[in-house]
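In what follows, chains are A, B, ... by sequence order, proteins preceding strands, each numbered from 1. Here the structure is a predicted model, which is why all the values come from computation and not from measurement.
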Number of protein chains: 2
Amino acid sequence: MNRENVILTELKGGGYRLTQARKAIIQVLCEARAPLGAPDIIVLMASIGTSVNKTTVYRELEFLKGQGLVAEVLVGDGLRRYELMPEGHHHHHLVCNECSAVECVEVESCVGEDVRQIDHIEKTSDFKVTDHSLKFFGLCARCRL
Amino acid sequence: MNRENVILTELKGGGYRLTQARKAIIQVLCEARAPLGAPDIIVLMASIGTSVNKTTVYRELEFLKGQGLVAEVLVGDGLRRYELMPEGHHHHHLVCNECSAVECVEVESCVGEDVRQIDHIEKTSDFKVTDHSLKFFGLCARCRL
DNA sequence: TGACAGATGCAACTGGGTTGCAATATAATT
DNA sequence: AATTATATTGCAACCCAGTTGCATCTGTCA
């Protein structure tokens, strides 16, 4: 069973309805190769035959995030992007300074996973670290041409 | 000579005017202990006796950023924050999930400075890395009470 | 003091995101 | 198939950070 059906089944089992909008937004997210913003999602949904109001998209994304099925990706340009919750692997993002395109990468050793350093930060800053975000900025292949 | 005067002198030398608004915004940034957003800056400027239009603040921040005197800090909540350009030391930020407060921290070894890993990323992703951003999310001291 | 160019204010606008409420559609039940 | 409960959706108005064009003002220097 593919990811899309796993998600739909999980939602149905949780007592949630499988509406047109929900199925379409999940399909769009499953087919995406990079995190998508709500405006992108609206266009993509329309392109596969399901036009929905933006409110619905925002609420659905919030819902899927709450269900732990989708992750919010904040790149800093003020647009909230979403991707399917990464399964197991810890990954980060590449953000193009020109076109804002976002790609995914995996990094060998990330400070965010170094218990000793996190511990040090928490002690010196009086801050409880629960998560981290590592992003690389630069130019994507297309914008470098 | 303190940082504030160094900046003012540098600007004057560059042929730029030392206006009330400019002096006040620089003062506010110099006195800040953490990155500030434009709305915060407007309030702080008013509190030291210089009320300015928001357009002025946005344009001034853009100007100071262009002069390399101020750095933009993107935390992901859609608000652009600004801090004096860090001198020499490479630092990162702690972002509170509750109140969005931002603090600064220094990290021992950051992937963003590991030439070997950057090289690896550029080769496997066909992306030219020019910068990076590492942020830790969690709860600040106040929100943990 | 006059004048130029840099700097500012105003007002209207953009766009992502939110909210309250009425209307609709899904899925279980009869 | 009709009924029903409520999860879900659409609409319209709204919020707020940030932007833009243009007229006006002001710091600086001659």
Side-chain angles (χ1 to χ4, degrees), chain A residues 7-28 35-46 49-67 69-70 72-82 95 99-100 102, chain B residues 7-28 35-46 49-67 69-70 72-82 95 99-100 102:
Chain A
I7 292 175
L8 293 175
T9 305
E10 189 172 330
L11 287 175
K12 189 156 196 174
Y16 301 105
R17 296 178 186 172
L18 301 187
T19 64
Q20 281 305 311
R22 180 160 291 158
K23 285 185 281 185
I25 199 171
I26 289 170
Q27 182 187 333
V28 164
L36 301 174
D40 307 319
I41 292 173
I42 291 171
V43 171
L44 289 170
M45 286 175 77
T50 305
S51 296
V52 289
N53 187 278
K54 63 176 179 174
T55 310
T56 302
V57 172
Y58 285 111
R59 283 197 281 233
E60 190 61 26
L61 289 169
E62 194 58 35
F63 168 77
L64 293 171
K65 190 177 118 191
Q67 294 297 312
L69 296 170
V70 155
E72 198 174 49
V73 177
L74 302 174
V75 151
D77 62 354
L79 178 63
R80 298 186 193 176
R81 288 161 222 266
Y82 297 84
V95 185
C99 67
S100 286
V102 179
Chain B
I7 291 175
L8 294 176
T9 305
E10 190 172 327
L11 287 176
K12 190 157 195 173
Y16 300 105
R17 298 181 187 168
L18 300 188
T19 62
Q20 281 304 311
R22 182 160 290 159
K23 285 185 281 186
I25 198 172
I26 290 171
Q27 183 187 333
V28 163
L36 301 174
D40 306 319
I41 292 174
I42 291 171
V43 172
L44 289 169
M45 286 175 76
T50 304
S51 295
V52 289
N53 187 278
K54 63 176 177 175
T55 309
T56 301
V57 172
Y58 285 111
R59 282 198 280 234
E60 190 61 25
L61 288 170
E62 195 57 33
F63 168 77
L64 293 172
K65 190 177 119 190
Q67 294 297 312
L69 296 169
V70 155
E72 198 173 50
V73 178
L74 301 175
V75 151
D77 62 355
L79 179 64
R80 296 186 194 177
R81 287 161 221 267
Y82 297 84
V95 184
C99 67
S100 286
V102 179

Just how far, in rounded Å, is [atom2] of [N] from [atom1] of [X]?
| X | N | atom1 | atom2 | answer |
| --- | --- | --- | --- | --- |
| A/R80 | D/dA17 | CZ | P | 13 Å |
| A/D77 | D/dG18 | CG | C1' | 13 Å |
| B/L61 | D/dG18 | CG | P | 9 Å |
| A/E60 | D/dA7 | CD | P | 14 Å |

Please identify each residue that fulfils side chain to side chain contact (heavy atoms under 4.5 Å, CB included) with [X], with sequence neighbours left out.
| X | result |
| --- | --- |
| B/L69 | B/I7, B/E10, B/L11, B/L64, B/Q67 |
| B/L74 | B/E72, B/R80 |
| A/L61 | A/I25, A/L29, A/A38, A/I41, A/V57, A/Y82 |
| B/K54 | B/I42, B/Y58 |

Subject >> 5' to 3' contact window, DNA chain C with chain A (heavy-atom distance under 4.0 Å) >> reply: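 Boundary nucleotides touching chain A, in 5' to 3' order, are C/dG16 to C/dA27.
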**OP:** Output all residues satisfying side-chain hydrogen bond (donor to acceptor under 3.5 Å, both in side chains) with A/T55, sequence neighbours left out; order by chain, then residue number.
**Re:**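 So A/T55 forms a side-chain hydrogen bond (donor to acceptor under 3.5 Å, both in side chains) with A/N53.
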Subject >> Heavy-atom closest pair, residues B/M45 and B/A24 >> reply: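 Minimum heavy-atom separation between B/M45 and B/A24: CE-CB, 3.8 Å.
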Subject >> Contact summary for A/R22 and A/R17, nearest pair of heavy atoms >> reply: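 Between these two residues, the closest heavy atoms are NH1-O, 2.9 Å.
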Extract from the structure each pairing of a protein N or O with an N or O of nucleotides 20-22 of chain D at less than 3.5 Å, listing the distance.
from	atom 1	to	atom 2	distance (Å)
D/dT20	O4	B/T55	OG1	3.2

Subject >> Set of salt bridge (charged side-chain N to carboxylate O under 4.0 Å, His left out) partners for B/D40, sequence neighbours left out >> reply: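 B/D40 satisfies salt bridge (charged side-chain N to carboxylate O under 4.0 Å, His left out) with no residue once adjacent residues are dropped.
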Original post:
Among A/S100, A/P39, A/P35, which residue meets the side chain to side chain contact (heavy atoms under 4.5 Å, CB included) test with A/L79?
Top reply: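 Single pass found, and it is A/P39.
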Subject >> Selection: residues 11-27 of chain A, any non-hydrogen atom under 4.0 Å of DNA chain C >> reply: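 Output list: A/R17, A/L18, A/T19.
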Original post:
Between which residue ranges does DNA chain C form stems of three or more consecutive Watson-Crick or G-U wobble pairs, both distances under 3.5 Å?
Top reply: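 The stems are C:1-30 with D:1-30.
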Subject >> Pairwise side-chain contact, A/L8 with A/K12, heavy-atom cut-off 4.5 Å (strictly under) >> reply: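 Not touching, per the 4.5 Å side-chain cut-off.
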